[in-house]
Each structure stands twice: as structure tokens, then as C-alpha cells.
Amino acid sequence: EFRKWFGNNQFVVDWENSGFRIKRFVDDDGRLRSRPQNEQFYFQPGLTWSAISTGRLSMRLSPRGAMFETKGAMCFPEKEEMLPALAFLNSPVVYSLLQALSPTVDFHEGPVGRLPYKSVQLSKKLAEVAVGISESDWDAYETSWNFKTLPLLSQGNDYGSLSATFTALRAGWQSMTDEMQQLEEENNRIFIDAYGLQDELTPEVPRHEITLTCNPAFRYGPKVAPEDAEDRLLTDTMKEFISYAVGCIFGRYALEKPGLILANAGETLEDYLRQIPEPSFAADDDNVIPVLDGSWFEDDIVSRFRRFLRVTFDDAHFEDNLRYIEAAIGRPLRDYF
């Protein structure tokens, strides 16, 4: 999907034994169905983009360790040109050039390779900061391989109230979005000036094209009214909090240590306790969490979540925090689970 600077790292490729199974993948008639190309570039750092797009080109930094294919292609600038090239490729100059080179929704390797690139080192720092913001945003969600902890909890328990904590977090997200918008517009001015296109192009970037998940205008799209987008952002943030709590219940995460704790088959509570000897919220000891329509077990999922909420936020605000969550998700916790 459309995302600039960093992210969209979602798929794992079966490359065991240098792609043994992929290279021998045939159809029922015995015809080879896969033919990996340009293997000498596999796992090298580069820039990647979404070939199929109904909008603008969105180019992302791809660190060492990734592969590519024709709809998720990569290019490999020299190291000193990596960030300036990324800045150029995310500018409106490139989109206008591609409309001439390839006026379709397919930004394939041919027209991208023919772009007349002019190195502007002034853009390097802008791209570096933009990548940092985008990477931080990508890693703030459990779907990232580098997820460490929930932003709602990394705020610290300075507020006690979940409502006040979310308000502070939302303000931080707004600042991130504002900073990214300023960076992109400054980057656009640099390349518009470098190519002498001041009378042809504008540097402004619409809010919904600031591709951060924490930006509700992008996350939910420009057709959603701003107040509805804010409501959805609160709902999704509370659902992410619940999801993280369930991860802590099962020992996948722990409040005392960032990143994954129990994440491999065969790991036990003993493995957990070796890493977290005195947890403030312990993983379930038998790895079984009842999910029922009534509170018949003291360790059922609702009881465990309520305990998690008491540990992570000030116990004096517990009832208010619980009501806040249930109002955000639109139903009682037990019904939600």
C-alpha cells in the first residue's frame, strides 16, 4: 500500500538452502513456476517501492536483509546517494516525470530506471529524519518485526488516568505528523527549485498523504470526517492496548523488558522467569486463558485484563479507566472478548 520513507515489511520468503523449494516450484504439468532474478542483489540495502498505485509513487528505505520482486521492486544507489535518491524519489518532480514516462498505474522498473536524477545533498538530512519518524511509527505496532512496547505505555505512568495518557500520546502523534509534513514540503521545495519547476509544481503535501499510521487522515483516508477519524483512532488504540495485554498474559511480552519474551515453540514459563524473575504482571502459569460469557474462573481473560489495567495505570483510576476503554470499544469487555 501507499507508504513513504519506511515500512510495509510484512512478508517472509522461504529461502532455506538458497531458495531450494522456490527454484523447484512447478505446476501440475512440470513447468517451472518461479525463476528468481538478480540474486546477487538479494539482501542488500536499497530503496523499494509499490509498483501498483492509483496515487503517487511511494519510495521506502529497505535495510539489509530483504528480497524483491517485480511488484515490490528495489533499486540500489551508491551508499552516499541512498538518502538523497530517496528524497528525490518521494518528491513531486518524480511523479510528474513518471506521468510522461509511464502514464499508467504501474510504476515498474523501466520508467523508474530512466528518471533523470540530480543529486541534491541538501536533502540527505531531511530524508534521514523522515525515515527515522516513519520507522518509529511503523515499529509502534505489534505487526512490526521490531516492535518493542506499546506507545501508550512508553508514555510512562505519569498521568494515572488512561484518558489523560491517551491525550498526551495523541498530542505527540500530532507533532510527529506536523514535523513530517514540514519535512516533506521542504524536501519538495528543494527539488522543485533544483529542476526549475517553480511555475509547474507546488511543494504542499495534503495531510492524508503523510503516511504515518498515527495520522488518522492517512490511516482512515480523506473521505472520513476528521471527528470520526479521531473516534476511530481512540477505538483502535484501546484495542491495541487490549491486544498487548493479552500478549503479556501469555508471556509474549513483559512490562519489564522491551520486545519479545516467549516467541518460540517449546518455550516455557521457566524460560520466561529466567528473563523476568520478578514480573509486575506475571504470565499465565498454565498457558490456558478461559474466554467465557460469565466470570466462572478467577483467571479468565476479563479478570486477567482487569489485573493488567490495575498494574499499568494508577489503581485509584481503575473504574474510570475501565469505563473509558469500554466506551471506546463500544461494548463491555466480556462481550468484546
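For residues 133-146, every residue pair satisfying the salt bridge (charged side-chain N to carboxylate O under 4.0 Å, His left out) rule, not counting sequence neighbours, is listed here: Arg3-Asp137. Sorted by first then second residue, the salt bridge (charged side-chain N to carboxylate O under 4.0 Å, His left out) pairs that include residues 22-34, not counting sequence neighbours, are Lys23-Glu39, Asp27-Arg31, Asp29-Arg31. Applying the salt bridge (charged side-chain N to carboxylate O under 4.0 Å, His left out) test to every pair with at least one member in residues 237-251, sequence neighbours left out, gives these pairs: Arg219-Glu240. Pairs passing the salt bridge (charged side-chain N to carboxylate O under 4.0 Å, His left out) check and including a residue from residues 274-296, sequence neighbours excluded, read Asp271-Arg274.
Between Gln10 and Trp145, the closest heavy-atom pair is C-CZ2, 3.7 Å. For the residue pair Asn321 and Gly160, the shortest heavy atom distance occurs at ND2-O, 3.3 Å. Residues Leu255 and Phe281 come closest through the heavy atom pair CD1-CB, 4.0 Å. Taking each heavy atom of Ala194 and Val120 in turn, the nearest pair found is CB-CG2, 3.9 Å. Across Tyr42 and Pro36, no two heavy atoms sit closer than the pair OH-CB, 3.2 Å.
Side-chain contact of Asp178 with Gln181: a donor-acceptor pair under 3.5 Å is absent, judged by distance alone. When only modelled atom types and interatomic distance are considered, Asn90 and Tyr95 share no side-chain donor-acceptor pair under 3.5 Å. In summary, the side chains of Ser280 and Glu256 do present a donor paired with an acceptor at a separation below 3.5 Å, with no hydrogens or angles considered.
For Thr48, the side-chain contact (heavy atoms from CB on, under 4.5 Å) criterion is met by Arg60, Ser62, Met74, not counting sequence neighbours. Partners of Phe305 under the ring-ring contact (aromatic ring centres under 6.0 Å, His included) rule, at least two apart in sequence or in another chain, are Phe241. Evaluation of the salt bridge (charged side-chain N to carboxylate O under 4.0 Å, His left out) rule for Arg307 yields no partner, not counting sequence neighbours. In terms of the side-chain contact (heavy atoms from CB on, under 4.5 Å) criterion, residue partners of Gln121 (sequence neighbours excluded) are, by chain and number, Glu81, Pro84, Ser119, Lys124. In this view, Arg334 and Ser295, Asp300, Val302 satisfy the side-chain contact (heavy atoms from CB on, under 4.5 Å) rule, not counting sequence neighbours. Listed by chain and residue number, nothing satisfies the ring-ring contact (aromatic ring centres under 6.0 Å, His included) test with Tyr324 (two or more places apart in sequence, or in another chain). Listed by chain and number, the residues in a side-chain contact (heavy atoms from CB on, under 4.5 Å) with Ala140 are Pro151 (sequence neighbours excluded).
With Ser134 contributing its side chain and Ala130 its backbone, the two residues share no donor-acceptor pair below 3.5 Å. Under the 3.5 Å distance criterion, the side-chain polar atoms of Lys148 are matched with a main-chain donor or acceptor of Asn146.
In this structure the side chain of Asn187 never reaches within 4.5 angstrom of the side chain of Phe88, judged on heavy atoms. Put simply, the side chain of Phe218 reaches to within 4.5 Å of the side chain of Phe2, judged on heavy atoms. Residues Cys214 and Met176 form a side-chain contact, since some pair of their non-hydrogen atoms from C-beta on lies under 4.5 Å apart. Side-chain atoms of Leu47 and Leu89, non-hydrogen and from C-beta on, do get closer than 4.5 Å to each other. Side-chain atoms of Trp173 and Leu233, non-hydrogen and from C-beta on, do get closer than 4.5 Å to each other. A 4.5 Å side-chain heavy-atom check between Ile289 and Val246 finds every atom pair outside the cut-off.
In this structure, Arg310 satisfies the cation-pi test against Phe318, with its NZ or CZ atom closer than 6.0 Å to the six-membered ring centre and inside 45 degrees of the ring normal.
Follow the hydrophobic side-chain contacts under 4.5 Å out from Ile242 and you reach Tyr253 in the same cluster. Placement of Val131 and Phe76 in two distinct hydrophobic clusters is found when ILVMFWY residues are connected by side-chain heavy-atom separations under 4.5 Å, directly or transitively.
Members clustered with Leu273: Ile261, Leu262, Leu269, Tyr272, Ile276, by chain and number, using a 4.5 Å side-chain heavy-atom cutoff among hydrophobic residues.
Using a 4.0 Å cut-off between charged nitrogen and carboxylate oxygen, Arg331 and Glu326 do not count as a salt-bridge pair. Between Glu128 and Lys125, at least one side-chain N (NZ, or NE/NH1/NH2) sits under 4.0 Å from a carboxylate O, which counts as a salt bridge.
Taking CD1 of Ile192 as the reference point, atom CG of Leu201 lies at 5.0 Å (rounded to 0.5 Å).
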